[in-house]
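To keep things clear, I will list the structure first and then write my remarks on it.
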Amino acid sequence: MFDAPFDRVEASAPFADSDWFHACRQTQTPYVVIRHTEQRADVLWDFVTLPECCDAVIRAHFEALEQAARAIFLRYADAESHLRVKPTLIGFDRLPIEQAEAAADALYALVATYLPGARRTTVTPPPTATRPLPTRPNPQTGQHAQ
């Protein structure tokens, strides 16, 4: 099993159904994706893979979900980042790339609390999800930042 409950895709890749999407739909787990460039990443969650019963729970507790999502966003964002929160989608747009995986983990954990019985099923991602995010040169040290 894979310990990262999200997929990583290049921002230039077409946004289409993926193996990861189908795995999340089959297991009814949160669909979290990191869409990245070399320096920025969007962390996205879409409700479409969750069981129908989650929709009512999320809508009934939307204010708490929004506050928790905002707290996660503020922990990982910078001045260029943007937040989108709806009952059906959460987007942390333009995060620093080195913050994206931690933000995706936290977002998955948040949404998983709305699953029946708060189960946290680990899903095996497609092979593309096992690649690490690209690194970029760190001008201060001459080394690569993660």
Side-chain angles (χ1 to χ4, degrees), residues 1-55 57-59 61-138 143-146:
M1 297 305 272
F2 189 71
D3 61 352
F6 51 82
D7 194 6
R8 300 169 193 88
V9 296
E10 291 185 20
S12 61
F15 201 77
D17 287 349
S18 65
D19 290 343
W20 182 248
F21 170 81
H22 291 291
C24 290
R25 177 171 262 173
Q26 182 179 8
T27 58
Q28 298 186 325
T29 55
Y31 176 61
V32 177
V33 177
I34 298 174
R35 294 182 55 85
H36 64 87
T37 63
E38 288 186 21
Q39 296 183 3
R40 292 281 164 181
D42 297 341
V43 175
L44 307 167
W45 163 73
D46 191 311
F47 84 110
V48 297
T49 61
L50 299 183
E52 286 185 33
C53 62
C54 291
D55 187 43
V57 174
I58 287 171
R59 289 182 188 280
H61 298 94
F62 179 67
E63 187 176 319
L65 174 68
E66 183 177 26
Q67 288 176 358
R70 185 173 305 281
I72 294 168
F73 172 78
L74 291 173
R75 190 176 322 139
Y76 300 106
D78 67 11
E80 292 183 39
S81 304
H82 302 281
L83 172 66
R84 294 179 289 144
V85 181
K86 300 177 182 179
T88 59
L89 173 96
I90 296 174
F92 302 156
D93 299 336
R94 298 193 46 79
L95 291 180
I97 196 161
E98 51 282 323
Q99 301 297 326
E101 290 186 5
D105 273 334
L107 182 57
Y108 179 93
L110 170 62
V111 175
T113 65
Y114 292 88
L115 293 172
R119 61 190 167 135
R120 295 175 193 248
T121 305
T122 302
V123 180
T124 303
T128 58
T130 60
R131 292 192 311 258
L133 291 173
T135 60
R136 61 186 167 98
N138 184 337
Q143 297 178 348
H144 281 64
Q146 290 288 335

Shortest non-hydrogen separation from [X] to [Y] and the atoms involved:
X: Tyr76; Y: Gln99; value: CD2-OE1, 3.1 Å
X: Val111; Y: Trp45; value: CG1-NE1, 3.4 Å
X: Tyr114; Y: Cys54; value: O-SG, 3.3 Å
X: Ile90; Y: Ala69; value: CD1-CB, 4.0 Å
X: Ile72; Y: Ala106; value: CD1-O, 3.6 Å
X: Thr29; Y: Leu50; value: C-CD2, 3.7 Å

| message | Once side chain to side chain contact (heavy atoms under 4.5 Å, CB included) is applied, do any residues pair with Ala77, and if so which ones, sequence neighbours excluded? | response |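 Scan of Ala77 (side chain to side chain contact (heavy atoms under 4.5 Å, CB included), adjacent residues dropped) gives Phe73, Ser81, Leu95.
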| message | Any salt bridge linking Arg40 with Asp78? Criterion: basic side-chain nitrogen under 4.0 Å from a carboxylate oxygen. | response |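 Yes.
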Rounded distance (nearest 0.5 Å) linking atom [atom1] of [X] with atom [atom2] of [Y]:
X: Asp105; Y: Leu110; atom1: CG; atom2: CG; value: 12.5 Å
X: Glu52; Y: Gln28; atom1: CD; atom2: CD; value: 9.0 Å
X: Leu83; Y: Leu74; atom1: CG; atom2: CG; value: 7.5 Å
X: Asp42; Y: Phe92; atom1: CG; atom2: CZ; value: 11.5 Å

| field | Backbone N/O of Ala13 and side chain of Arg35: donor-acceptor pair under 3.5 Å | value |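 Confirmed, Arg35 side chain pairs with Ala13 backbone.
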| field | Those residues that, when tested against Arg25, pass side-chain hydrogen bond (donor to acceptor under 3.5 Å, both in side chains) (two or more places apart) | value |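 For Arg25 there are no side-chain hydrogen bond (donor to acceptor under 3.5 Å, both in side chains) partners, ignoring immediate neighbours.
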| task | Evaluate the side-chain contact (heavy atoms from CB on, under 4.5 Å) criterion for residues Lys86 and Leu65: first the C-alpha distance (whole Å), next the side-chain angles of each, then the deciding distance (0.1 Å), finally the verdict. | result | CA-CA 9 Å; Lys86 300 177 182 179; Leu65 174 68; over 6 Å; no
| Side-chain contact, heavy-atom cut-off 4.5 Å: Leu115 with Pro30? |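 Yes, at least one pair of side-chain atoms sits under 4.5 Å.
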| Do other residues, nucleotides or ligands put more than 12 heavy atoms under 6.0 Å from the NE2 atom of His22? |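 Counting neighbours around NE2 of His22, more than 12 heavy atoms of other residues, nucleotides or ligands fall under 6.0 Å, so yes.
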| Which residues satisfy the salt bridge (charged side-chain N to carboxylate O under 4.0 Å, His left out) test with Glu66, sequence neighbours excluded? |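 Counting only residues at least two positions away or on another chain, Glu66 forms a salt bridge (charged side-chain N to carboxylate O under 4.0 Å, His left out) with Arg70.
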